[in-house]
Amino acid sequence: MLDIRFIRENAALVQESATRKGYSVDIRELLRLDDARRQLQQQVDALRTKRNEIATSMKGGKPEQGLIDQGKQLKVELAEREQYLLAADNEFSDLLKKVPNIIFDDVPLGGEEDSEEIRKWGDQKVGAKDHLDFALARDWVDFERGAKVAGAKFYYLKGDLALLENAITQFALDLVIKKGFTYMTVPHMVNARVAEGAGFAPKGDASANEYFIEGEDLTMIGTAEAPLTGYHADEILEEKNLPLMYAGYSPCYRKEAGTYGKFTRGLFRVHQFNKLEMYIFCLPEKSAEMHELIVQTEEEIWQSLGVPYHVINIAAGDLGAPAAKKYDLEYWSPVDEKYRELTSCSNCTDYQARGVNIRVRRSDGALQSVHTLNGTAVSLARSLIAVIEHYQNDDGSLTIPEVLQPYMGGRERI
RNA sequence: GGAGAGAUGGCCGAGUGGUUGAAGGCGCACGCUUGGAAAGCGUGUGUGCCAGCAAUGGUACCGCAGGUUCGAAUCCUGUUCUCUCCGCCA
């Protein structure tokens, strides 16, 4: 959520950012509702002032019929005005919630194809067996039984591939802990307030990618980002305690409606996968620096694993509502002979922090919204694809990346 | 799932329908005191919204939502969460 005062003062900028992102919000209409709401607020406040004056003048003394009647009259007027105010407030805040975060100046304009490559690492080798065929041949993955038990795009991982998943997780976890992140497990469901505050679509929104629990105010998380955002909701953090760096591990549940096809084959896009997520709460002036820290950590993980990648600066049209800027790491796929999305990290500035009311008390006593950032350490299903594509052998075996061998009982190949 | 108890400021904790933004304490900030510190003493110390250049003023907030009343932290109803006990259970 953006600050309405910021929007009032930067209406054109906010409108432009929203349009660049592809969101159809009408800032002029928002400001009109804001005005209407403020006028009603003033009327209500004036009536309440009168009510309080009458009540105070009767304090302790004997009740006077004239004043009581006046009070009763006011109560009726006030109730009516308050109703208008409530309605205006709701209309206003519904629209306010739809306004996406502004984008940074260095975000490329345009759509998905306009994202800019910033760095690349490793060789773009070509030719490998499809990960699904490879894994099926070893009986490492079972989508058919996943479908039988849950539905399409659910799966079982078996044996050494399941162990490899654990090894990748543990390796990445050790690395992010060394960077100063605190490991956390998190609730796998969050309430609507937290989900929407973090910028996820509400229940009933057709575009929502989350599963909602019927009859309860709960959403299955699509990422640990949601419960991590809510962790400090309604808190005032101390400047001296920032940055707070968390690494949350959880399954991610996503509907991914209508995303079938060649490039989502196998484990690439599934309804459930495990993920280790980095999350930072920091001072506003530090968020750009923290964003670089996160992306560098991601690069360190993939360099250690020996998987070639490039980093792209995501174009405006491909940014989510909360993000002011986003980097994706895409690994080079020798199968598809192109880069494919592997991790993602966003600077959400104060958008999420406002959404769930997280502030920092500066050393001079001032209160300010914190900035939040999130980034994938490893998302497991996709990480497995990248490793299989790069470490497969002709005899159907898989060489274990050196850094993972300690986590696989010292085995060098499976 | 059942029964009981509770929810008040950064924390602990008072609170009779009006004198309560809310006693008292702790913490914190500043000052005095001191060679320096501690102790002691003094002063100050919530947030949101609205108006205002500002000083400031208005308004709301005692888990949340309604209700009663001229007036609610206080009375009533509902609800959420926490704790204790029972049930169930990895």
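Please read these numbers as outputs of a predicted model, since none were measured by experiment.
Of all the heavy atoms in A:Arg193 and A:Ala233, the pair that sits closest is NH1-CB, 4.0 Å. Contact between A:Lys179 and A:Glu300 at its shortest, heavy atoms only, is NZ-OE1, 2.7 Å.
Here A:Arg361 does not reach the OP1 or OP2 of B:A29: none of its side-chain N or O atoms lies under 4.0 Å away. At the phosphate of B:U47, neither OP1 nor OP2 sits under 4.0 Å from any side-chain N or O atom of A:Arg359. At least one side-chain nitrogen or oxygen of A:Arg5 sits closer than 4.0 Å to the OP1 or OP2 atom of B:C49.
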Legend entry - Nucleotide-level pairing of RNA chain B, given in dot-bracket where Watson-Crick and G-U pairs need both distances under 3.5 Å and | marks other strands: ((((((((.[[[..)..(.....]]]((((((.......))))))((((((....)))))).[[[[[..)....]]]]])))))))....
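Annotation: B:G6 and B:U45 have their P atoms spaced 33 Å apart (nearest Å). Distance noted for atom C1' between B:U8 and B:G63: 10 Å (whole Å). Comparing B:U20 with B:C61, their C1' atoms are spaced 13 Å from each other, to the whole Å. For the C1' atoms, the distance linking B:U33 with B:C26 amounts to 23 Å, nearest Å.
Both the sub-6.0 Å distance and the 45° axial angle are satisfied by A:Arg37 relative to the ring of A:Phe92.
Listed in residue order, the members of residues 227-239 of chain A having a heavy atom less than 4.0 Å from RNA chain B come to none. Near RNA chain B, meaning a heavy atom under 4.0 Å from it, residues 36-46 of chain A has A:Arg37, A:Arg38, A:Gln41, A:Gln42, A:Asp45 in order of number.
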